[in-house]
Number of protein chains: 2
Amino acid sequence: MGTKQVSGLSAAEQADLSRADSLAREIFSDVANKWAFLIIETLGDGVLRFSELRQQVGGISHKMLTQNLRMLERNGLVERTVYPTVPPKVEYRLTEPGQGLRATVDTMCAWTHKYITDIESARQAFDS
Amino acid sequence: MGTKQVSGLSAAEQADLSRADSLAREIFSDVANKWAFLIIETLGDGVLRFSELRQQVGGISHKMLTQNLRMLERNGLVERTVYPTVPPKVEYRLTEPGQGLRATVDTMCAWTHKYITDIESARQAFDS
DNA sequence: CAGCATCCCCCAAGATACTG
DNA sequence: CAGTATCTTGGGGGATGCTG
């Protein structure tokens, strides 16, 4: 992920690499944020409407949820289905890439559970 | 991770759960950010000085790096070693919990590589 | 109900400079 | 070299109101 130089490649290949690298970085910047993670975790393998999602994520503003959903949709991680009824109904679900990322988020959740007591005591030690 | 109610527990157990839950959330808020991830990935299983780290992460300001390192140290994910020489020398390395999280970040990097072309085309489709 | 636009405020984060 | 403090600004993010 870092901007390391790989030798034995043509200039074009180097360029491709650094382009892929900067794209990877962009993706990181988009996706590696707490709301995205919480949304992905909340969606799981289910289907939720905007308001359900908002409620289940908890503590997220209308605007932030919209922004993050757009971002996730743009990156092809969530699929948005609009039912042209009145009142409107919009459903969100994870795509296959989204499910892939969900696996990562799951491991992070597992990690949190595993180390939560360590972290808590580390914090107490640090805060004194 | 969500704030789901679990029945069959005493009030105290419920309280413990929600306390653990809010702590987990705090940890998420701290750690699920792009700089933290990039720092963890950059550190890997090595040992780096402040300035080396800054250079290798790339694009991070002095201040942001300091803040994130303090945060990671507070949560017990990185260990900070100060050599009382002049000029000072400070080394950072991941702790065991930090290595655990690094595994997660690694899977995210793998995920990025796997889906980078899908994401790129999803973006192009979306942006038109 | 979901989304967008507008307004507005405050804090995140950069720049700079000083200490040990 | 690493860290802290101060100052300043842009934009993140909340609140509100309007539309389909």
Side-chain angles (χ1 to χ4, degrees), chain A residues 25-40 42-43 46-75 77-94 125-128, chain B residues 25-40 42-43 46-75 77-94 125-128:
Chain A
R25 242 186 200 240
E26 250 186 75
I27 296 170
F28 246 67
S29 303
D30 271 9
V31 163
N33 94 49
K34 75 165 182 169
W35 288 129
F37 273 31
L38 287 171
I39 289 169
I40 287 167
T42 302
L43 275 177
V47 180
L48 290 174
R49 302 183 58 171
F50 183 87
S51 44
E52 294 168 337
L53 191 49
R54 180 155 136 75
Q55 190 186 352
Q56 290 186 33
V57 168
I60 187 171
S61 72
H62 186 105
K63 187 181 182 180
M64 282 306 293
L65 182 56
T66 303
Q67 281 181 358
N68 277 276
L69 283 172
R70 284 298 160 282
M71 177 274 286
L72 291 172
E73 194 191 351
R74 183 172 111 93
N75 288 294
L77 307 193
V78 307
E79 188 186 27
R80 180 168 171 270
T81 313
V82 182
Y83 296 90
T85 60
V86 43
K89 175 176 165 181
V90 181
E91 287 181 343
Y92 294 91
R93 90 187 64 214
L94 293 179
F126 187 94
D127 293 345
S128 57
Chain B
R25 246 190 195 236
E26 250 185 76
I27 295 171
F28 246 67
S29 303
D30 271 8
V31 163
N33 96 48
K34 75 164 181 167
W35 288 129
F37 274 31
L38 287 171
I39 289 168
I40 288 167
T42 303
L43 275 177
V47 180
L48 290 175
R49 302 183 59 169
F50 183 88
S51 44
E52 294 167 337
L53 191 49
R54 180 155 138 75
Q55 190 186 351
Q56 291 187 30
V57 168
I60 188 172
S61 71
H62 185 107
K63 187 180 181 180
M64 282 304 294
L65 182 56
T66 303
Q67 282 180 357
N68 277 276
L69 283 172
R70 285 297 162 281
M71 179 274 288
L72 291 172
E73 193 190 351
R74 182 172 112 92
N75 288 294
L77 307 193
V78 306
E79 189 186 26
R80 181 168 171 270
T81 313
V82 182
Y83 296 90
T85 60
V86 45
K89 174 175 165 181
V90 182
E91 287 181 342
Y92 294 91
R93 87 187 66 214
L94 293 179
F126 187 94
D127 292 344
S128 60

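Each chain gets a letter, A, B and so on, in the order the sequences are listed, and its residues count up from 1.
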Can you name the side chain to side chain donor-acceptor pair (under 3.5 Å) partners of [X], sequence neighbours left out?
X	answer
B:Gln55	none
B:Asn68	B:Asn33
B:Glu26	A:Arg123
A:Arg74	B:Asp127

Students should find this one: the first and last nucleotides of DNA chain D, 5' to 3', lying under 4.0 Å from a heavy atom of chain A. What are they?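 Reading along DNA chain D, I get D:dG13 to D:dG20.
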
Integer-rounded Å distance: C:dC1 P and A:Leu53 CG: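 Whole-Å distance recorded here is 15 Å.
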
Scan residues 78-89 of chain A for pairs that pass salt bridge (charged side-chain N to carboxylate O under 4.0 Å, His left out), counting only residues two or more places apart or in two chains.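 Only A:Glu79-A:Arg93, A:Lys89-A:Glu91 qualify under salt bridge (charged side-chain N to carboxylate O under 4.0 Å, His left out).
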
Any salt bridge (charged side-chain N to carboxylate O under 4.0 Å, His left out) involving residues 54-64 of chain A? Give me the pairs, sequence neighbours left out, ordered by first then second residue.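 Applying salt bridge (charged side-chain N to carboxylate O under 4.0 Å, His left out) to every pair that reaches into residues 54-64 of chain A, excluding sequence neighbours, yields nothing.
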
Taking side chain to side chain contact (heavy atoms under 4.5 Å, CB included) as the test, write out the residues that go with B:Ser29, two or more places apart.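 B:Ser29 satisfies side chain to side chain contact (heavy atoms under 4.5 Å, CB included) with A:Lys34 once adjacent residues are dropped.
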
From CG (B:Leu94) to CG (B:Leu48), nearest 0.5 Å: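 Output value for this atom pair is 9.5 Å.
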
If I take atom CG from residue A:Leu38 and atom CG from residue A:Leu65, how far apart are they, to the nearest 0.5 angstrom?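 Output value for this atom pair is 11.0 Å.
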
Please report the end-to-end axis angle for the helix from C:dC1-D:dG20 to C:dG20-D:dC1, five pairs per end, rounded to 10 degrees.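 The value is 50°.
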
For nucleotides 3-20 of chain C, give me one character per nucleotide, 5' to 3': B if any protein heavy atom sits under 4.0 Å from the base, S if the only such contacts are to the sugar-phosphate, - if neither. BS--------BB-----B

Taking salt bridge (Lys or Arg N to Asp or Glu O under 4.0 Å) as the definition, give me every residue that meets it alongside B:Glu52, ordered by chain and number, with sequence neighbours left out.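 Scan of B:Glu52 (salt bridge (Lys or Arg N to Asp or Glu O under 4.0 Å), adjacent residues dropped) gives none.
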
